[in-house]
Amino acid sequence: MINYTLKQLYSFEAVVRLKSFTKASKELFITQPAVYMQIQQLTENIGSDLLKTHGKTVTPTYIGKLLYKTCLEVISLLEQSRVDINQTLDPDAGHLQIAVATTTNSFVSRALAQFKSKYPKMTFHLEVTNRELLLEKLSNNDTDLVIMGEPPNDMNLDIQPFMENPLIVIAHPENPLLHQNNTIEDLENETLITREQGSGTRHTIERVTGMVFDSEIQINSNEAIIEAVQAGLGIGFVSKHTVELELNYGIIKQLKMEKFPITRHWHVVHNKKSKLSPIAQRFKKFIIEHC
Ligand code: PGA
């Protein structure tokens, strides 16, 4: 087992780089005998001479050169890790890992842009995926924050609800069902366009209405569902946030339907066991207050 210490490596690196015990001791803010002692212990631990002295100049032996190369790599790794850690812990410049449900795309990117303009030094990694994969990330503690529709209650999670998320039924403007109040049975002869298995939108609709989507048309993108409805392919089920523009322009209509809209909330979620970094805490607060 390697039994030399970081203190010894730092001393050795400084002596070789500065070619002098005196200069190294000044740079390291320790006494010259203390530097000698570190190098002596290192030499004993390695079992070979590491330095040669010519007058006042110190140079490494062959083994010393090999060790010096390793020292540079170890010190540079440690320094980089210190920079990364400081940066992550700096509330103005930290790095945020965030994973969100596909459907939140409509507001999360905007919120991140506003947040970034407030804290320009921060960086983030945004992963957009469906509910199933978000649950996996939560259980592996693989991200700082998750934004999702319906967090599970059998995991040890910190869950904060914010903004409402109404789920609605949409149809082409010429669909005859738009003239009536519909029941679920009225959809029997319609082509239903749903999100993929694993989607939170689909999961909630099936849970609340008791419908089981076995349609052959499953699309893993809200935008593509809206396009398909617009093209007259069938009836779609989406969050109202994703279709606001099309509803305003009248190119898609909202169907009146029993049990709809299903109103629920978005949640900002993280594993209770994980300690949130300062930047993650700030973003969590920001999204709750601004969305
Ligand atoms: P989805 O997520 O994009 O997976 O449908 C929305 C949600 O979590 O409810």
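Remember, it's 1-based here, ligands and their atoms both numbered in the order they're listed. A quick note: this is a predicted structure, and the numbers were derived from the prediction, not measured.
Under the 30°/60° scheme for interplanar angles, the aromatic rings of Phe283 and Phe286 are found to lie parallel. Classification of the Trp266-Phe107 ring pair by plane angle, with boundaries at 30° and 60°, yields tilted.
Counted within 6.0 Å of NZ on Lys116, heavy atoms from surrounding residues, nucleotides or ligands total more than 12; the atom is thus considered enclosed.
Around ligand 1 you find Ala101, Thr102, Thr103, Asn130, Arg131, Met148, Gly149, Arg195, Ser199, Gly200, Thr201, Arg264, Trp266, each with a heavy-atom distance below 4.0 Å.
To the nearest 0.5 Å, atoms OG (Ser109) and CD (Gln114) are separated by 11.0 Å.
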* Give the C-alpha distance, both sets of side-chain angles, the deciding distance and a yes or no for salt bridge (charged side-chain N to carboxylate O under 4.0 Å, His left out) between Glu27 and Lys23. => CA-CA 6 Å; Glu27 185 180 285; Lys23 287 181 187 162; over 6 Å; no
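Taking the six-membered ring for Trp and the full ring otherwise, the centers of Phe213 and Phe237 sit less than 6.0 Å from each other.
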